Amino acid sequence: MGLPDQKQTATEALLATLTMPEGGCLAAARKAALSRVQTLGLPGRRDEYWKYTRPDTLVQPDAPAAAVFDAGEAPMFDEFDRIKVVFVDGVFSPEESDDLSLEGISIERIADICDKDIHWGKDLYGVLEARGQDPVARPLAALNTAFAQDGVAIRVTGTPSKPVNLVYRHQSDSSDAILHHIVRVESGATATILENGPAASRFNKCMEVDVADGGTLHLVRAQGRDHERRAATHLFARLGKESVFKAFTLTVNGVLTRNEAVIELTGDDAMAHIAGACVGDGDFHHDDTVFITHDAVNCESRQVFKKVLRNGATGVFQGKILVKEGAQKTDGYQISQSLLLDDDSQFLAKPELEIYADDVACSHGSTSGAIDEEGLFYLRSRGVPADVATDLLTLAFLAEAVDEIEDDEIAGALVTRLEGWLARRR
Amino acid sequence: MLEIKNLHVKLEEEDKQILKGVNLTVEAGKVHAIMGPNGSGKSTLSYVLSGRDGYEVTDGEASLLGEDILDMEPEERAAAGIFLAFQYPVEIPGVGNMTFLRTAVNAQRKARGEDELSAADFLKEVRAKAKTLKIDADMLKRPVNVGFSGGEKKRNEILQMAMLEPKMCILDETDSGLDVDAMKLVSEGVNALRDEGRGFLVITHYQRLLDHIKPDVVHIMADGRIVKTGGPELALEVENNGYADILAEEGV
């Protein structure tokens, strides 16, 4: 069965602009991914999974221009001791990056492992992405697997003394970047990965995370604040027995963001927490699409998503918990909430549960609300100006999501930034 | 200090007149108590003075130290020196009590053109004042009023009052929900703030609070007006005989 004409044309138009790296151990994965793209076609406006978010500008051949935003402050996470891996408009920058050697972790570039015939990454690159195509197609992720020129391959074997920080700098107004990362956390190993920056005018990022039995990975990212930037990101994770994976994303600004997280709990007693906080003002469309599959016994998953929207900003949440047959004692929690600071903004939520086991506890909730007038008056009656009080209540609203960050110092740093950003926008 | 003249107030949403010509002057250094039956407009008066939404002043005026307050935003009134201790203190999940206090203190100082308190000075002051109100470190860290008992909430109100050092303190049924010990603690907190430069307006249903916070003047409010004014003995009269006699006497 072929694709509808329109989709076929759109897919071919984008593919014609891209070049696939040749040879090496990832070649087969790339070829398979390309054939997935050709079969699935790129997302179109009529696709159910894209009902609330228009994919047009993410799939058109040329990336729409996006002005580089001067934040006027030190980059996020600058105060932390970490290993920096810097990409500028999607291109690795050796000058700005640190020495990548550290005990307990190996960090390599995808561009380097492409040349090798044998590498552990061969068993991960494109593998989780391919698994994640069912039951819902994610063609932008397959496109990423096929065409990403670079990214990092991280293998955690111990407990590295500092986090890895993937820094995505945006330098050119018309840049279009594709990066693909693979992360393998070996049994009993623990690491933290930080990500920050807009990366490019348009950014397609895919990260595949494989956490072996008893492994732990913390992922904290802050997406860039460039107003006109666009991003489609995919996070695929597979969790082994007694493993832990916690991911948090902060998004402030950006005209279009689609963050997909596809998590599979395949080992008993595993834990996955996926959280996000976003603040949108004006021309802002932010979509969190999450799919968590419980396929083992006694696992816990949490989805905590909070969005603050004003001046016509749009927030989307599509979140699903699938509990497979036999995944007893599943504890699944999902909450998505929006704080609408005016009548022009909107929040569209589609929470879903699909359960095939009988001994599970799953809950989901979704709310949209205005600022708490009682709380606002209370603060103002103590002398706190209305705008400052609104910021305080905004931060309080986001707190449940921010609390999902394990490391208090990192969480504190994010909140401090957020406070400053809110204050300066007033 | 606080001067209220012929104040008429109605609810914005429904066409219901609540205050029908309140006249009241609270002098600096004095404690005025307002008693009155349910629905007489006591709480409305406190809300209108602090600037809460939902009320429309249809006539009359209110001023603090000669400055009209009715056109001010709530935060401007606070900076000018008005403080309302809420009957039902509001819970604010996610905002730490300490952050809240520091933000409020510094916002008021800023509004008055004063320097902000340093973190160290603030901490020192808040700890000392919290101690006298038996507010422990944990209560200071927790989100504002969340999970606080009735007594803890009221003590927290008094702590805010002590930190903000307002000129005009309005206490709206601060005794409600308090046991005897808590009432004593709260009253001591209030009494410690009594000062020549500060006025108090204590709204209460019961004489027993006034045993602890001794008023200079007692007003009886009924049907949106102050119908009788007297000394502390007026509160005792209410306690013993109820409002019926007084109201009948005043033709309400």
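Just so it is clear: chains get the letters A, B, ... in the order the sequence lines come, proteins before strands, and each one is counted from 1. These numbers come from a predicted model, not from an experiment.
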Other residues, nucleotides, ligands: >12 heavy atoms within 6.0 Å of B:Lys30 NZ | no
Is it the backbone or the side chain of B:Arg77 that comes under 4.5 Å from a heavy atom of chain A, or both, or neither?
-> neither
Does a sphere of radius 6.0 Å around CD in B:Glu114 hold more than 12 heavy atoms from other residues, nucleotides or ligands, not counting ones at 6.0 Å or beyond?
-> yes
Mind checking whether B:Leu164 and A:Arg382 have side chains closer than 4.5 Å, heavy atoms only?
-> yes
Okay, B:Val144 and chain A: the region with an atom under 4.5 Å from a heavy atom over there is side chain
Beyond-backbone contact of B:Ser50 with A:Phe377, side-chain heavy atoms, under 4.5 angstrom | yes
Verify the neighbour count for atom OH of B:Tyr88: are there more than 12 heavy atoms of other residues, nucleotides or ligands below 6.0 Å?
-> no
Under 4.5 Å heavy-atom distance to chain B, tell me which part of A:Ala386 shows up: side chain, backbone, both or neither.
-> both
B:Thr103 side, atom OG1; A:Leu379 side, atom CG - distance, nearest 0.5 Å = 8.5 Å
What residues, two or more places apart in sequence or in another chain, satisfy side-chain contact (heavy atoms from CB on, under 4.5 Å) together with A:Glu300?
-> A:Met271, A:His273, A:Arg302, A:Asp331
Crowding at CG, B:Asp138 (>12 non-hydrogen neighbours, <6.0 Å) | yes
Per-residue tally against chain A (heavy atom, under 4.5 Å) across B:Pro143, B:Ala107, B:Ala79 peaks at B:Ala107
In short, A:Leu392 meets B:Val95 closest at the heavy-atom pair O-CG2, 3.8 Å
To the nearest 0.5 Å, tell me how far A:Asp387 CG sits from B:Glu75 CD.
-> 8.0 Å
Neighbour count >12 (heavy atoms, 6.0 Å) for atom CG, B:Asp121 | yes
Any chance you could measure A:Glu374, atom CD, to B:Asp53, atom CG, to the nearest 0.5 Å?
-> 10.5 Å
Within a reach of under 6.0 Å around NZ of B:Lys110, are more than 12 heavy atoms found that belong to other residues, nucleotides or ligands?
-> no
The interface call for B:Pro166 against chain A, heavy-atom contacts under 4.5 Å, is neither
So, for A:Tyr378 and B:Phe100, is the gap between ring centers shorter than 6.0 Å?
-> yes
Would you say B:Glu67 has more than 12 foreign heavy atoms packed within less than 6.0 Å of its CD?
-> no
Other residues, nucleotides, ligands: >12 heavy atoms within 6.0 Å of B:Arg127 CZ = no
Of all of B:Asn145, B:Thr99, B:Ile92, B:Asn106, which one pairs up most often with chain A through heavy atoms under 4.5 Å apart?
-> B:Ile92
Flag side-chain contact, heavy atom, 4.5 Å: A:Ser381 against B:Phe86 | yes
